[in-house]
Each structure stands twice: as structure tokens, then as C-alpha cells.
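Just so you know, these numbers come straight off a predicted model, no measurement behind them.
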Amino acid sequence: MMNRLICIESTDSKYMVKLNLIMNRKRNSLLSVLAFAIMFSLLSNLNTASGQPPGFQRPPLPPIPIKGDTTHTLSRHFSNATSVKIPPFSNGFIHRWLVLEPIKKDIARNNIFTDNYLRSEFKNNNFSEDYLVMPKAGEMVKVGNQDLKWYALDSKTFNFNLFNFSYDINKPKYGLLFWLVTVIDCKEEIENVRMTAGCNSGGMFWLNGQEVLMLSGDRDMIVDNVASPLITLKKGKNIIRGAVINGPGMANFCLRFIDEKGKAVRNISISQD
């Protein structure tokens, strides 16, 4: 056979190349068959060793738990507010709020939060048209077709994280509208102060029934992002109402009062009624 091949190669090199290609294909086919046989043998041994019959499909493994809090517990980020008045944080931020369970909204993106959009949404999804009404912790209200509960909470951080709040009470985290109320008590009238706030993403705040701040657009939560004109905190109770709305992403806010020099107003107390 070898002599014959040499003869063929010497007389017709093109034919020899073709013949070699045929032989290589046969050899590759044989190698493929051998590899399949070895793989089948290994799989058979594996099934035998694990006690599983051929063709058995292993059930999916349980999901790996996510890091961090998976218990939906409010106490991780908040404390239940008491009847005892508290001061603001040392930097002036108001951290006690009555917060309503979030109103679910279909919001695909945050760049729709214009002034007109916010005013319309907050008007049409309001728990009360009386901006001086004070809700109670545990009270249920109806907004549209949703029955929602009020919580009275002290945030453990200067910003009130609504994303955490929604997660902690096992509610959706995106496409939400939140209502907030708190009371600022002043021993004496405090003139020439500004309310400042930051939120993610859009929001509005009212003082004693009057609109004070508008935070429109797709914002990040930045301290003192928006400041009101000079206002007066009256002696006694001052009711602050807020609304924050968000689509995808985080939802939180921070609020305080500053004087004409930009220093935090601290000679006030916070209560829930």
C-alpha cells in the first residue's frame, strides 16, 4: 500500500492531496467516536456514583441569599416615635416623620417630574385636602383604591430613606409616591429662616398649609439642594407636610431650617401631634 501511495504521489500530486484529505476525515471521525464513548462512560460512572439514573435532572440549587438585611425589619433603619418631643440632629435635620405607606405609581422614568406634573400628581393622590390635618400612627386612610397605613418613625440618619422604609414594610421599592407630616414646636417666634431640602427624585413641601418648596426634575438627594424664601416659624406648633415621588432608583429626602447666615436652626423641637 505504501509503494502504491508513493507511486500515485509521483504521478499525480493533486490526487494524493485529495486522498490524504479523505484519510484525515476518517481519522477525525474515529477520534470523535472515541471521545463520545469516553464521555458517555464518565457520565455513566458519575450517575452510578451519585445514585442517580441516566437522564435524571438535578433540581436547581437554592438561590444565594443577598447580602445585608433580608428580614424586612423597620428597626434596622428607624425607631418608633414616642410622645416625647425630640430636638433635631446637631446639624438641624428633622428626623421624626409620620410617613404613609407608599402609593404605587406606574413611572418608567424620572425626567417627567416637571412642576405641573408634580402638582397634578400630588393633588390627585392626596390623603386629605386639609393641609393642617394631623394623621395618627396606625391610622388607615384610602387613596384611590389603596388602603394605606401611617407610621410614626425617627430616622437613625439625617436623611429619611424612603427606599429602606418601603423595603422594611415589604412594599414595592420603585414607582412610588410618599406622604409625610411632622410638627415643629417653637418656644418663641423665629423670623427670617429658610426651609431647605434635598430629595430623590421629585417632591414638594408645605408649611402651615402654604407651599414652601418645589423640587422638580430628576434629582439626587443633595443637602440644602433647594431653599425657600425667608419665612417665619410661629410660636407653638408648625405643621410641615411633604410629598416625595420616584420611579426607578432610590427614594429619600432630608429637610432642615437655616438662618440668614446659613447656620442650622436648632432651638426647636419635633413631635408627631
I'd like to know if the side chain of T114 reaches the main chain of Y117, judged simply by a donor and an acceptor atom lying under 3.5 Å from each other, with no hydrogens or angles considered. yes
Considering non-hydrogen atoms only, spot the tightest contact between P102 and F178 and give its length. CB-CE2, 3.5 Å
Got W179 and V244 here, is their nearest side-chain heavy-atom distance under 4.5 Å? no
Answer yes or no: is there an ion pair linking K237 with D185, defined by an N-O contact shorter than 4.0 Å? no
Side chains of I86 and R96 in contact at under 4.5 Å (non-hydrogen atoms): yes
Would you mind reporting whether F257 and I184 have side-chain heavy atoms less than 4.5 Å apart? yes
Could you list the residues that satisfy side chain to side chain contact (heavy atoms under 4.5 Å, CB included) with N192, not counting sequence neighbours? L230, E260
In the structure I gave you, are the side-chain heavy atoms of I245 and I107 within less than 4.5 Å of one another anywhere? yes
Under a 4.5 Å cut-off applied to non-hydrogen side-chain atoms, are T196 and L255 in contact? no
For residues 106-127, which residue pairs qualify under salt bridge (Lys or Arg N to Asp or Glu O under 4.0 Å), counting only residues two or more places apart or in two chains? K105-E121, R119-E211
Minimum heavy-atom separation for N238 to C186, with atom names? ND2-SG, 3.7 Å
Are any of the side-chain heavy atoms of I169 and H72 separated by less than 4.5 Å? no
Are I239 and Y131 side-chain neighbours, meaning at least one heavy-atom pair lies under 4.5 Å? no
Considering non-hydrogen atoms only, spot the tightest contact between F160 and V99 and give its length. CZ-CG1, 3.9 Å
Between N161 (side chain only) and N252 (backbone N and O only), is there a donor and an acceptor less than 3.5 Å apart? no
Other hydrophobic cluster members with M221, side-chain heavy atoms of Ile/Leu/Val/Met/Phe/Trp/Tyr under 4.5 Å, chained? F89, F93, F158, V223
Give a yes or no answer on whether the side chain of R256 reaches the backbone of N91 with a donor-acceptor pair at less than 3.5 Å. yes
Hydrophobic cluster partners of M250 (side-chain heavy atoms under 4.5 Å): F163, Y174
Does any N or O in the side chain of S155 come within less than 3.5 Å of the main-chain N or O of T157, such that one atom is a donor and the other an acceptor? yes
Are V181 and M204 co-members of a hydrophobic cluster defined by side-chain heavy atoms under 4.5 Å apart? yes
State which residue, out of L180, V212, N126, fulfils the side chain to side chain contact (heavy atoms under 4.5 Å, CB included) condition with R241. N126
In Å, rounded to the nearest 0.5 Å, how long is the span from OG of S75 to CG of N80? 8.5 Å
Does S166 use its side chain to pair, donor to acceptor, with the backbone of P172 at less than 3.5 Å? yes
T232 side-chain N/O to K234 backbone N/O, donor-acceptor pair under 3.5 Å: no
H77 (side chain) donor-acceptor with F165 (main chain) under 3.5 angstrom: no
Flag yes if more than 12 heavy atoms outside K156 fall under 6.0 Å of its NZ atom; otherwise flag no. yes
Check whether any side-chain heavy atom of P88 sits under 4.5 Å from a side-chain heavy atom of I268, and report yes or no. yes
Main-chain N/O of M195 paired to S228 side chain as donor or acceptor, under 3.5 Å: yes
Note: V265 and V193 closest approach over all heavy atoms is CG2-CG1, 3.9 Å
Report yes or no: does Q146 contribute a side-chain atom to a donor-acceptor pair with the main-chain N or O of K104 at less than 3.5 Å? yes
Quick one: list whatever passes side chain to side chain contact (heavy atoms under 4.5 Å, CB included) with N124, sequence neighbours left out. S120
Could you pull out the closest heavy-atom pair between G202 and C199, with the gap in Å? C-SG, 3.6 Å
Which atom names give the shortest non-hydrogen contact between I103 and N125, and what distance separates them? CD1-O, 3.5 Å
Could you give me the CA-CA distance, side-chain angles and deciding distance for W97 and F78, then say whether ring-ring contact (aromatic ring centres under 6.0 Å, His included) is met? CA-CA 10 Å; W97 293 88; F78 308 95; over 10 Å; no
OG/S271 to CG/L98 distance, rounded to the nearest 0.5 angstrom? 9.0 Å
Kindly compute the distance separating CG (L213) from CG (L207), expressed to the nearest 0.5 Å. 9.5 Å
Quick check for you: to the nearest 0.5 Å, what is the distance between E191 atom CD and D259 atom CG? 13.0 Å
Taking the six-membered ring of Y151 as reference, does the NZ or CZ atom of K149 fall below 6.0 Å from its centre and within a 45° cone about the axis? yes
What distance separates L118 CG from M214 CE, expressed to the nearest 0.5 Å? 5.5 Å
Greater than 12 external heavy atoms within 6.0 Å of K142's NZ: yes
Nearest 0.5 Å, please: how far is NE2 in H95 from CG in L153? 11.5 Å
Among all residues two or more places apart in sequence or in another chain, which pass the side chain to side chain donor-acceptor pair (under 3.5 Å) test with S201? N110, D218, N246
Would you say that more than 12 heavy atoms from the other residues, nucleotides or ligands in this model lie under 6.0 Å from the CD of E189, or not? yes
